[in-house]
S.K.: 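Have a look at this one.
When reading the values below, keep in mind they use all heavy atoms of this one structure, side chains included, and skip hydrogens, waters and symmetry mates. Each chain gets a letter, A, B and so on, in the order its sequence line appears, and its residues count up from 1.
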Amino acid sequence: MTRQLVARLLHAIAVCAVVATSVFVLLQFAPGDPFATALDGADVPPSVRAEGRARYGFDLPPGERFARWTGALVRGELGYSASRHRAVADVVGDALPRTLLLVGVALVLGFAAGVGIALVQTRHHRRWQDRLFGVLTLGGVAMPEFLVALLAMTWLGARWRLFPVAGIGSLGDAAAWPVWERIVDLLWHLALPAGALALAVASRVARHQRAALLGVMREDYIRTARAKGLGEWNVIVRHALPNAIGPVIALLGLALPSLVGGAVLIERIFGWPGMGLTLFDALLARDYPLILAAVLLATLLAVVARTVTEAVAEFVVPRRAREP
Amino acid sequence: MSALLEIRDLVVEYASRGGHTRAVDAVSLDVMHGETLALVGESGSGKTSLGRAILRLVPAASGSVRFDGEDVLALGGDALRHFRRRAQVVFQDPKASLDPRMCVGDVVREGIDIHALATRQEANRRVQRLLEEVGLSAADAGRFPHEFSGGERQRIAIARALAVEPEFLVLDEAVSALDVLVRRQVLDLLGALQAARGLTYLFIAHDLAVVERIATRVAVMQQGRVVECAPTAALFATPASGAAQALLAAIPRIPW
Amino acid sequence: MAANAWRQLLDDRGARAAIGVLGAAVLAAAFAPWIAPYDPTLQPDPVALRLVAPSWQHPFGTDPFSRDVLSRVLHGARVSLGVATGAMLLSVTLGAALGALAAVVGGWVDGVVSGLVDVLIAMPRLLIVIALVATFGTLSPWWLIALIGGSGWLTTARIVRAEFRDHLQREYVLAARALGASRWRIIWHHLLPAVAPQLAVAAALALAAVIPLEAALSFVGLGIQPPLPSWGNILLDGTDYLTSAWWLVVFPVAAVSLTVGSALVLADRLRVAIAGEEHGP
Amino acid sequence: MNPPLLSVERLQIDAEGARGAAPTPILRGVSFVVQPGETVGVLGASGSGKTSLALSLLGLLPPALTARGRVLFEGHELLAASRGARRALRGRRLSIVFQEPLTALNPRMRVGVQVAEMACAHGERDARRAMQGAVDMLGRVGLAEAEVRAQRYPHELSGGERQRVLLAMALLLDPALLIADEPTSALDVTVQAQVLQLLHAQQRERGMALLLVSHDLGVIATSCERTIVLHDGLVVEDVPTHQFLSAPEHAQARALVDAVRPAVRSA
């Protein structure tokens, strides 16, 4: 168990190292730097730009900058964001929890709903319930998250005004509100972005879970369970689900990177001030330390989440028989 | 009678969690020209691994295998290809051992093509002759394996092995998956082929009852080792090892 | 028996519908210049014909620049599906080659390929592509194909490697080896035909992954650049008019969803057909 | 004579044809009876429909197969009974042991729990008592250290032990009829004999009827009072076993006997 844990940790570190290095190297080839774009206007004298470059180390050779940057990274320093005029760590510290909230809520809701749908579909295999959910979940996977988000924003938000279309909180002096009102306000703003993301998760989970369940339902031990006189729901929930859920959890781990990608777009669409929005702003401003930090953290998030799901899958799924 | 195949201290190991598992543990055996040596043991006793190691289908860890005096384990390139012509195999599951995407004619012809044994037309004629020899019809060449019954598929697998005109056949549980009646027919076919072509068989089985009628000698394997090797009648009359006794006792005694 | 999988696929109503939709999309893309009622970049009257709702003249309405949306969606199919198909072919070919190499050669080659897959698959693809495009500035469609395709070979490589390894263990491959067949012969005559249906599944899945990727990139302004239309940038034009001009969102969304959904259905049904063949008589 | 325990009348099983094709018959009108406490062997080659026969008695046929005819068991018409009624009989009055003990057990559930579940499915509310009953039963079918083994997962047991677990499960509620579908075919030959002996010991002890389905003439001939030979979806022989062995009537039955006779005589 410890050996596996160490292996996973090493793997996560390897992923992050590869990502960090490649992003850094690629940025070296990129045209322009913050001082070409961030300090806009022709009236900024070249000497000011040069001074800025010197202050932030942009005049150093790439190798040394990389060494400095990784050194700082190892010490936990992410650098200074020129576009936000704040430490990168602070910017990230604000944004990351919001992204975690968005992705976490979507993941939990989506997973629970997906498994539930799949159970109903399995119980009523080939009947109308199965077909109905089959069509719905197909729609859910066929429509990319950001398209769902756009449609939801158009109708639920802009047309019918049921939910706010942007931001994380209502205007006003939020600090003065009672706690529960702030929470309700947050959830109200969370509804559309998290809902759009959860829909995508639920559809994917439901389709995979249904396929896995139906596969397991053909196994001999399901026949044994039925031969005991167990009811069909009992057979499905007690015997089929534990054998079918492991692969789905593992698969969810594999799908997480794309979920993070979807979350980035959704944040942009709904103006949810998380890591995705931060990344887009940073890209526009060519704010390298922030870009690096955002990409690295998003990757880290995906890797951590994947490691966790794999561990969970391993836990849920005790050793299977290995005999020939 | 001289030995066609001499196995000395052969060891086959598989990597497993935390080290190696010895599937075959220092086995020494001779297979004589023209005989049928039965190799019998429970599942996991290493008999299949032994059969595959002889044919170089799995690597041997140590020991030696001599085929007609040649060191099989050292063969490479053309010499190995030539050895493959002379020693062939028929597997247990005729469904798994035939490529489902190839028609029967192509299956049987593959060996002829690989070793360039005949021109295209001659090869077709040979395939037809082979199919007839194993009790199928020449017209079956265009059909696919799934259109045949288990026994017929096993006949196809035998025809494929015979196509390269081998001297030695490893029959790896070749009749175990077949029903009693079909098994009997395939065994009869194997006997006839042996007589007609002077073949030598290594007949692998998990059940003593199957080998009684066709084996010259029987070797009993247990946990990777050969624990007993004796002429068939002697082994059935006076089994020396515990493994052989247990296998004999397991043959159902039908109250005729 | 492989023929069975294809036949079973064509027997399936869902699969036929999916093939029909994809075929129609490809035809529409191929013949867009002849089908489309207008020039997709023509701006006849940016004042009078701005944001006209769907009508007989403009079945999908017009956009903020008075361009005909139907014509843009049709021409967009050319670009979107072209990029998607190119990227799909690239990623499937690359994945099949690397997966096969890893399985057949084994040893350190397998270690390198599997390790690479393990590391890369943990990365958010969209994010990396966005970051790359953003740093390099906008890319030509060819570079987009290279970038999207080059980042998508992982799944195919995994599938092909696993299938090859499985089939290498099977008795029919052992029998071929016992006959003296060379590696190449086994790969060409036995393994590739065996994994062909799986490759088709991988291709359909790759297509389903790549279409939204291109749409997403264009939607955030980093993919196909105007005035060249793509499904993603038609959406982008529509985001500012969500409440007033629904047709700018609905038609490109429908186009993306229908093609992606069809590709997914196709992959699904193909998988069922393969499974049925493995379990069947 | 008492009414038979099980009476199968003109049982037909059809496999659904692919896309509008005519259904393929698997059983074409099979009739036989089983008396209380009797041991009956059903002998057939693979593909003769013997497993479908066994499954249809419990109402466990896969959806692609449909059964017609009458199956009377202790006064119930099984094919016409409601799902609930059939479920109440399954395991309690009518049990089955399957061929492949590894796949027939849930790999992620301790074997003791799997046995105890049989009691729970039929009204036992006290989980502790159900578990105790399961452990007792495992001991009675000869599983050494039953208390400990009950906590194991299936893959931690040997093939013979797993088959004993399945047997314990099937016998737990003292059924009137046990159907054994190739109970020994997946086992090593030396273990086969032990499991067969156990099966018969339990049968005698309980006065239970046994329907032993097998392709192996040896298995049936050594243990059954009566032998039914299935061929091509029909019963071609239904006679006492000694009569079947000495004077098989149907050509197929004769061929089966001839195929094994010489080998066994010299053994």
Side-chain angles (χ1 to χ4, degrees), chain A residues 1 115 119 121-131 209-250 311-324, chain D residues 51 54-55 57-63 83-111 113-123 152-159 162 165-166 169-170 172-173 175 178-179 181 186:
Chain A
M1 194 62 202
V115 171
L119 286 173
Q121 283 186 291
T122 307
R123 175 69 186 83
H124 301 287
H125 183 41
R126 294 196 176 174
R127 287 203 285 275
W128 66 266
Q129 296 94 326
D130 186 20
R131 285 174 214 283
Q209 185 68 81
R210 174 180 177 272
L213 276 170
L214 288 178
V216 167
M217 291 301 279
R218 280 196 294 266
E219 297 280 343
D220 284 357
Y221 55 83
I222 295 299
R223 203 169 59 181
T224 309
R226 287 189 178 134
K228 285 179 198 172
L230 280 182
E232 197 62 14
W233 270 118
N234 252 323
V235 171
I236 293 174
V237 174
R238 282 178 60 92
H239 289 272
L241 188 60
N243 285 289
I245 203 166
V248 178
I249 295 175
V312 170
E314 196 105 346
F315 176 75
V316 171
V317 183
R319 291 273 101 83
R320 252 195 98 107
R322 271 201 204 76
E323 276 186 38
Chain D
T51 293
L55 291 178
L57 299 183
L58 284 112
L60 291 176
L61 283 177
R83 283 159 166 269
R86 269 197 312 210
R87 203 154 64 211
L89 287 173
R90 262 184 231 156
R92 198 169 53 83
R93 302 302 299 157
L94 187 63
S95 268
I96 187 162
V97 176
F98 292 111
Q99 169 172 10
E100 182 55 73
L102 179 60
T103 59
L105 289 169
N106 186 338
R108 307 210 204 297
M109 205 186 252
R110 296 174 199 282
V111 294
V113 179
Q114 299 195 46
V115 176
E117 200 181 38
M118 178 65 104
C120 301
H122 293 281
R152 296 278 157 82
Y153 289 96
H155 68 269
E156 298 172 306
L157 304 180
S158 74
R162 286 193 283 259
V165 171
L166 275 179
M169 196 186 290
L172 188 71
L173 300 179
L178 177 66
I179 299 166
D181 181 14

S.K.: What part of D/L172 is in contact with chain A, defined as an atom under 4.5 angstrom from a non-hydrogen atom: side chain, backbone, both or neither?
M.R.: neither
S.K.: Which heavy atom of D/A119 sits nearest to which heavy atom of D/L173, and what is that distance?
M.R.: CA-CD2, 4.3 Å
S.K.: Taking only Lys NZ, Arg NE, NH1 and NH2, and the carboxylate oxygens of Asp or Glu, determine whether A/R238 and D/E117 approach each other closer than 4.0 Å.
M.R.: yes
S.K.: For D/L105, is it the side chain, the backbone, both, or neither that has a heavy atom closer than 4.5 Å to a heavy atom of chain A?
M.R.: backbone
S.K.: What part of D/E156 gets closer than 4.5 Å to chain A, counting heavy atoms only: side chain, backbone, both or neither?
M.R.: neither
S.K.: How far apart are the closest heavy atoms of A/R126 and A/R131, and which atoms are they?
M.R.: O-NH2, 3.0 Å
S.K.: Let's go through A/V235 and A/K228 carefully: what are the C-alpha distance in whole Å and the side-chain angles of both, what is the deciding distance for side-chain contact (heavy atoms from CB on, under 4.5 Å) to 0.1 Å, and is it a yes or a no?
M.R.: CA-CA 10 Å; A/V235 171; A/K228 285 179 198 172; over 6 Å; no
S.K.: So which of D/E100, D/R92, D/M169 has the biggest tally of heavy-atom pairs under 4.5 Å with chain A?
M.R.: D/M169
S.K.: Of the backbone (N, CA, C, O) and the side chain (C-beta and beyond), which part of D/M109 lies under 4.5 Å from a heavy atom of chain A, both, or neither?
M.R.: side chain
S.K.: Checking side-chain polar atoms at under 3.5 Å, does A/H125 have a donor or acceptor matched by the opposite partner on A/D130?
M.R.: yes
S.K.: Identify which of D/G91, D/A104, D/P63 forms the greatest number of heavy-atom pairs closer than 4.5 Å to chain A.
M.R.: D/A104
